[in-house]
There are 2 protein chains.
Amino acid sequence: MVSLKDVAERAGVSRSAVSRSFTEGASVAPATRARVLAAAEALGYRPNLLARSLTTRSTGLIGLVSNNFQNPAFLEIFDLFTRGLQERGLRPLLVNLTDEVDPARSVGLVRQYSVDGVIVASSTLPTAFARAFRDAGLPTVLAFGRVAGESGVDVAAIDNVAAGQLAAKVLLARGYRRLGFLGGPEAATSTQDRLAGFRAVAGDVRCTFARAYSFGAGRAAMQGELGDLCEGYFGGDDVLSIGALSALRDAGREVPRDVGLVGLNDMAMAGWETFRLTTIRQPFAEIVAGVLDMLAAGLRTPGKAPEVRVYPCALVERGTLRPPV
Amino acid sequence: MVSLKDVAERAGVSRSAVSRSFTEGASVAPATRARVLAAAEALGYRPNLLARSLTTRSTGLIGLVSNNFQNPAFLEIFDLFTRGLQERGLRPLLVNLTDEVDPARSVGLVRQYSVDGVIVASSTLPTAFARAFRDAGLPTVLAFGRVAGESGVDVAAIDNVAAGQLAAKVLLARGYRRLGFLGGPEAATSTQDRLAGFRAVAGDVRCTFARAYSFGAGRAAMQGELGDLCEGYFGGDDVLSIGALSALRDAGREVPRDVGLVGLNDMAMAGWETFRLTTIRQPFAEIVAGVLDMLAAGLRTPGKAPEVRVYPCALVERGTLRPPV
DNA sequence: CCCGTCCTTGCAACCGCTTGCAAAAAATTT
DNA sequence: AAATTTTTTGCAAGCGGTTGCAAGGACGGG
């Protein structure tokens with residue numbers, strides 16, 4: 001492994017000179033820098049960022065933590081995050097928190113790697129996790145979390161209550177009367193908020209909670225409904241809704257004629273011709289951009305007051321809701 | 001940030017003693033270690049792994065590189081990799097190589113972070129990438145690559161040629177006569193090998209290549225076929241096949257009666273009741289375990305000779321192929 | 001009680017890089 | 001040409017750890 005010293009020797013300068021040649025705007029004569037860069041090039045030298053981080057106190061590492069590795073929506077989200085981070089010269093350290101229950105352990109884990117900040121990408125991870133990172137002094141931003149109330153961390157998300165309201169309004173406007181809520185994990189804030197909004201508009205609704213955001217869970221939940229079906233359903237998310245849709249179709253129920261279904265997310269799959277799921281779009285790209293923006297701000301200004309960015313969501317019309325009456 | 005020095009002071013010992021207290025099997029009196037650990041606990045100290053790596057020359061960081069962020073199969077794969085790495089005390093540095101064409105740049109990137117090794121998880125990334133990592137002196141293992149020929153790196157994968165043969169045999173055994181190949185990106189070794197195997201058994205077949213492993217690409221490709229349909233198709237992978245399936249169904253073709261379709265991967269979605277795709281299973285979990293195993297060996301023994309592990313694949317019977325005649 | 005062993009411990013150097021500071025060199029002024 | 005200012009450079013210390021080495025202590029045997 002070629003180091004600063006090797007380059008310095010080859011270029012006939014001190015190690016400091018080499019170091020400065022590699023830092024933007026450092027005081028070094030153009031000629032020297034040229035010589036150094038040439039030597040570095042010849043030797044195939046690349047500065048060791050981790051060693052550098054010891055003095056600069058910044059690694060460029062960002063903990064990307066999630067517990068959502070079954071929902072295809074998250075592949076889209078990881079794609080956006082990884083690309084976005086890379087564009088900013090940051091590197092995602094992926095942390096899979098599936099089945100993890102102890103925030104302290106996760107904190108220890110990312111701290112040992114001196115990450116500069118952490119992104120919590122999940123709507124089902126208990127808020128204790130995000131708070132734990134924050135309390136450890138790490139700039140933390142929560143994607144897809146709860147926007148109301150004081151979480152103490154940056155949040156970028158839609159207003160899930162509003163989304164629930166929108167779902168209810170739309171279902172009613174399309175003439176569906178008895179409404180049902182087919183939520184994700186009951187404990188998740190996203191589920192609670194969507195339900196709250198849904199209820200605020202639709203009043204008393206039937207509630208079922210799936211054990212996870214997955215096709216199987218959605219299908220099973222809907223199969224449980226078949227005995228006494230509501231007219232319109234708000235599915236906790238797209239993949240859940242797609243599972244529900246399959247149950248309905250297999251049972252011979254006509255969607256959208258007999259029963260209406262609206263999902264949430266607008267993941268790529270919702271648009272697949274097989275499903276044509278009418279859904280409420282959650283603007284992933286914008287949310288991710290917002291997260292990165294706040295993260296960058298948090299890195300620049302440690303101790304910055306937490307910020308909440310709320311993104312609008314809108315109905316995407318496809319085939320699982322009948323047209324307005 | 002509390003460091004070695006702080007703990008040493010509080011425990012009334014030298015920094016070395018603290019360091020040793022934290023390394024397995026180092027020479028330190030039990031009583032001292034206890035005192036040190038107590039002090040560390042009280043201060044909330046955690047050793048800085050990156051600083052440690054400077055002398056130990058091992059960061060525990062593993063580059064997990066892929067260019068496959070649209071295919072839901074890869075979410076399953078990332079899940080397996082991240083969990084498997086975490087269990088071994090390693091951390092995945094996720095590198096998204098979508099649209100990247102220059103191997104050198106990727107190498108520089110992971111080298112700057114002194115990763116201990118890299119996992120290339122892709123069947124479409126040019127082999128030049130894996131080789132470039134290897135040439136940079138990094139233990140590299142390629143998941144889902146080509147198993148034949150000398151790549152110079154560890155490989156864990158199925159034998160794609162055999163998979164192609166299996167697909168052809170099965171299709172013929174089910175009485176489908178004119179066969180078509182609906183492959184992924186033409187340049188990918190996986191596509192070439194699957195086709196080669198397919199042809200070896202089925203002889204002259206119709207060939208179409210989708211531009212990516214995606215629903216849309218599969219659907220579009222199959223729509224192109226509709227004018228002059230073959231009887232049986234081997235889809236380059238499940239998501240492609242599912243796209244193709246949707247095109248067939250929408251066109252009113254009866255699957256499996258009029259046309260048969262067999263996919264490859266057996267991703268979770270293939271089992272969804274909506275699709276019930278008959279497919280050739282690629283044992284993800286076993287492959288990932290093999291990758292991690294070889295990676296661990298590579299970390300232990302630098303310069304270890306590259307190894308190739310071939311995993312068997314088998315037909316998973318569902319609804320898109322008629323029963324044997 | 002003295003001595004040889006073995007276990008513990010601290011010192012100091014080092015991993016690869018950054019940076020404040022003061023000296024040296026170059027450029028400007030007078 | 002001397003004096004002053006500005007730029008460039010190297011030194012040395014430090015970031016948070018590890019580790020070879022030699023000195024100090026504890027312990028058992030003679």
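In what follows, chains carry the letters A, B, and so on, assigned in the order in which the sequence lines appear, proteins first and then strands, with residues in each chain numbered from 1.
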For DNA chain D, find the residues of residues 52-62 of chain A with a heavy-atom distance under 4.0 Å and give them by number; none if there aren't any. A/Leu54, A/Thr55, A/Arg57
Between the CG atom in B/Leu138 and the CD1 atom in B/Ile119, the distance rounded to the nearest 0.5 Å is 12.5 Å
Here the distance between atom C1' of C/dT18 and atom NZ of A/Lys5, to the nearest Å, is 17 Å
Can you pull out the residues from residues 39-50 of chain B that lie within a 4.0 Å heavy-atom distance of DNA chain D? B/Tyr45, B/Arg46, B/Pro47, B/Asn48
Students often mix this up, so state it plainly: with edges at 30° and 60°, are the rings of A/Phe22 and A/Tyr45 parallel, tilted or perpendicular? perpendicular
Any luck finding a side-chain donor-acceptor pair between B/Asn96 and B/Thr98 under 3.5 Å? yes
Less than 4.5 Å apart, side chain to side chain, heavy atoms only: is that true for B/Phe129 and B/Thr140? no
In whole angstroms, how far is the C1' atom of D/dT9 from the CZ atom of A/Arg35? 11 Å
Through what angle, rounded to 10 degrees, does the axis of the helix from C/dC1-D/dG30 to C/dT30-D/dA1 turn between its ends, using five pairs per end? 40°
Contact list for DNA chain D against residues 11-29 of chain A - heavy-atom distance below 4.0 Å: A/Val13, A/Ser14, A/Ser16, A/Ala17, A/Arg20, A/Ser27, A/Val28, A/Ala29
Do A/Arg146 and A/Gln192 pair up side chain to side chain, a donor and an acceptor below 3.5 Å, judged on atom types alone? yes
Could you give the CZ-to-P distance, from B/Arg111 to C/dG16, as a whole number of Å? 13 Å
Under 4.5 Å between any side-chain heavy atoms of A/Tyr113 and A/Thr59, yes or no? no
The criterion is salt bridge (charged side-chain N to carboxylate O under 4.0 Å, His left out); which residues satisfy it with A/Glu307, sequence neighbours excluded? A/Lys304, A/Arg309
Hey, could you give me the CG/OG distance between B/Leu61 and B/Ser53, rounded to the nearest 0.5 Å? 8.5 Å
I need the CZ-P distance between A/Arg33 and D/dT7, as an integer number of Å. 15 Å
Exam field: side chain B/Thr124 to backbone B/Ala188, donor-acceptor pair closer than 3.5 Å: no
Measuring from atom CG of B/Leu109 to atom CD of A/Gln86, what distance do you get when rounded to the nearest 0.5 angstrom? 6.5 Å
Begin from the C-alpha positions of A/Phe81 and A/Ile62 and carry the test side chain to side chain contact (heavy atoms under 4.5 Å, CB included) through to its verdict. CA-CA 11 Å; A/Phe81 271 125; A/Ile62 300 293; over 6 Å; no
May I have the distance from A/Met1 (atom CE) to C/dG16 (atom C1'), rounded to whole angstrom? 11 Å
Using only heavy-atom distances, determine whether the side chains of A/Asn67 and A/Ser122 contain a donor-acceptor pair under 3.5 Å. yes
Letter per nucleotide, 5' to 3', of nucleotides 23-28 of chain C [B base touched, S only sugar-phosphate touched, - untouched; heavy atoms, 4.0 Å]: ------
Starting at CZ of B/Arg134, measure out to CG of B/Leu142 and round the result to the nearest 0.5 Å. 12.0 Å
Pick from B/Leu94, B/Leu75, B/Leu97: which one makes a side-chain contact (heavy atoms from CB on, under 4.5 Å) with B/Phe69? B/Leu94
What distance separates B/Ser21 OG from B/Leu37 CG, expressed to the nearest 0.5 Å? 6.0 Å
